[in-house]
Amino acid sequence: MLHTRELVKKIWDAQGYGNLAVWGDGTTAVITPGDNPERSGKAPLAIFKPIPLVGGFSMLDFATHDADLLEHIEATIREAGGEIERD
C-alpha cells in the first residue's frame, strides 16, 4: 500500500535528480528522462515530475499539507489501478 505523504517526501527529494517512478508494491526509483523504468518486466503505476509538483513550495511541510497536491497524487495512483491512503 502506498502512502500519500511519503510519496510527497520522495518526490520532494527527487528534485534535481530526475523523475520519480512508483510501482504498485510501494517501491520507488528516481529515473532520468529517457530511461526504461520497467522492473522485473513491470511498468510503474506512475512517473511523477518533481519540479512542477513541489518546486513551488518553499518547505516540505507546505507540500505535505497541500490538499490539491495530495488529491492529485492519490488520483494518479488510483487511476493507474494502485492503492494509496493518506497517512
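Numbering starts at 1 and runs along the sequence shown.
The shortest heavy-atom contact between L2 and G26 is CD2-CA, 3.3 Å. Between P37 and I47, the shortest heavy-atom contact is CG-CD1, 3.9 Å. A pairwise comparison of heavy atoms in A29 and R39 identifies CB-NH2, 3.1 Å as the closest pair.
Connection of L7 to I51 is not established within any shared hydrophobic cluster, with ILVMFWY side chains joined at heavy-atom distances below 4.5 Å, either directly or through further cluster members. Note on I77 and V30: same hydrophobic cluster, where clusters join Ile, Leu, Val, Met, Phe, Trp and Tyr whose side-chain heavy atoms are under 4.5 Å apart, directly or indirectly. F48 and W23 are assigned to two separate hydrophobic clusters, defined by single-linkage of ILVMFWY side chains at heavy-atom distances under 4.5 Å. Both I84 and L70 are part of a single hydrophobic cluster, where members link through side-chain heavy atoms under 4.5 Å apart.
Side-chain contact between I11 and I73: present, with at least one pair of heavy atoms (C-beta onward) separated by less than 4.5 Å.
For K42, the side chain to side chain donor-acceptor pair (under 3.5 Å) test picks out no residue, with sequence neighbours left out. For the side chain to side chain donor-acceptor pair (under 3.5 Å) test, residues two or more places apart in sequence or in another chain that qualify with T4 are E74.
Considering CG of L45 and OG1 of T28, their distance stands at 12.0 Å, rounded to 0.5 Å. In this structure, CE in M1 is found 11.0 Å from CG in D87, a value given to the nearest 0.5 Å.
Put simply, the side chain of E71 never gets that close to the backbone of D68: no donor and acceptor are under 3.5 Å apart.
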Are V8 and D66 close enough, and set up right, to give a side-chain contact (heavy atoms from CB on, under 4.5 Å), and what steps lead you there?
CA-CA 10 Å; V8 171; D66 184 81; over 6 Å; no
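Few gaps surround NZ on K10; more than 12 heavy atoms of other groups in view lie less than 6.0 Å from it.
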Could you tabulate the donor-acceptor pairs under 3.5 Å formed by side-chain atoms of residues 53-64, not counting sequence neighbours?
| residue | atom | partner | partner atom | Å |
| --- | --- | --- | --- | --- |
| T64 | OG1 | L60 | O | 3.4 |
| T64 | OG1 | D61 | O | 3.1 |

